[in-house]
Amino acid sequence: MEQGALSSAELALNGTADGARCLRLASFNIQTGIRTGAFHHYLTGGWQHLLPTPARAANLSRIAQLLRPFDIVGLQEVDGGGARSRFVVQTQYLAEHGHYAYWHNQINRRVGWLALHSNGLLSRYKPTRIEEFPLPGLPGRGAILAHYGDDPKHAFCVCVAHLALSRRGRLRQIDFLCELLAPLPYAVLMGDLNCEPHSQELTLLENKGGFVNPMRGVKSFPSWRPHRLLDYILVKPDLPVKNVRVLDFACSDHLPIALDMGLPANVAIAV
């Protein structure tokens, strides 16, 4: 976990009209800063997954500006400092340019010195601790779990994950995440889950993991003509949400998603 410095005003929890505390959450599969505007770009622009391009830095700058209004952000498909990103740890770059006090990068797969496939977390609040977990199945998938508060009964927890492409792999990974997160009463699971709302995978997260899916009705993929929902911010029932939305920001093959979430008075979070 790395940290910088922000003023107390910038770190203050946002109040709602009824006086409740509110957090602004977002999740974004940034595709390492590669802009994709059509399916054929996967072929014509595929070289960008291995080689650097000036456009990547410009896209990262745009993403940092987009994310500034949010309090906690989960990132997927981040490069952790490979040659393709000119050895820039993209989570750190977004934290610095988005003015986030805390950030964490989880490297899940290395392709030599070319690419370091990662998940990322940006936060304006200080996590009490951060854990990293490799997910079951083929190597290369992982989850970050950030705890805000020492008491498990009152801690706010955020898990960032990017699940497998295969259904069998996802079910194994979701079973693991349910075991990990089901006991946590104020948990959020965010990320690219690679499955749709009525899938067996989401049903398992709802029934075994105890999550509520507030994202129904929105579409996040593909960014240029979204007709599928693959990206989620799932919450436990005692975390009220509003203003669920997909952001119209085409800078990846996924669109970023966001919501505002109420934080119960008995839940501690350090500012």
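Residue numbers run from 1 in the order of the sequence given. Atom set for the values below is all heavy atoms of this structure, side chains included, hydrogens, waters and symmetry mates excluded.
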Self-check item: N-O pairing of D260 and K242 below 4.0 Å
Solution: no

Solution key, residues 181-195 side-chain donor-acceptor pairs under 3.5 Å, sequence neighbours excluded:
residue	atom	partner	partner atom	Å
Y186	OH	N266	ND2	3.1
D192	OD1	N194	N	3.1
D192	OD2	N29	ND2	2.9
D192	OD2	H162	NE2	3.1
D192	OD2	H254	NE2	3.4
N194	ND2	L163	O	2.9

Self-check item: Partner set under side-chain hydrogen bond (donor to acceptor under 3.5 Å, both in side chains) for Q173, not counting sequence neighbours
Solution: none

Practice problem: Mark yes or no for whether D71, through its side chain, and L23, through its backbone, hold a donor-acceptor pair below 3.5 Å. | Solution: no

Exercise. Report the distance from atom OG1 of T32 to atom CD1 of I30, rounding to the nearest 0.5 Å.
Key: 7.0 Å

Practice problem: Would you indicate whether N207, at its atom CG, is surrounded by more than 12 heavy atoms from other residues, nucleotides or ligands within a distance under 6.0 Å? | Solution: yes

Exercise. Quick one: do R86 and D79 satisfy salt bridge (Lys or Arg N to Asp or Glu O under 4.0 Å)? Show the steps, please.
Key: CA-CA 10 Å; R86 302 188 189 277; D79 190 80; over 6 Å; no

Quiz item: Would you find more than 12 non-hydrogen atoms of other residues, nucleotides or ligands less than 6.0 Å from R110 atom CZ?
Solution: no

Quiz item: How would you list, by chain and number, every residue that makes a salt bridge (charged side-chain N to carboxylate O under 4.0 Å, His left out) with R216, sequence neighbours excluded?
Solution: E206

Quiz prompt | R170 with D175: basic N within carboxylate O range, under 4.0 Å | solution = no

Exercise. To the nearest 0.5 Å, tell me how far F28 CZ sits from F249 CZ.
Key: 5.5 Å

Quiz item: Backbone N or O of P152 within a donor-acceptor pair of the H154 side chain at under 3.5 Å?
Solution: no

Quiz item: Taking Y125 for the side chain and I72 for the main chain, is one N or O donor matched with an acceptor at less than 3.5 Å?
Solution: no

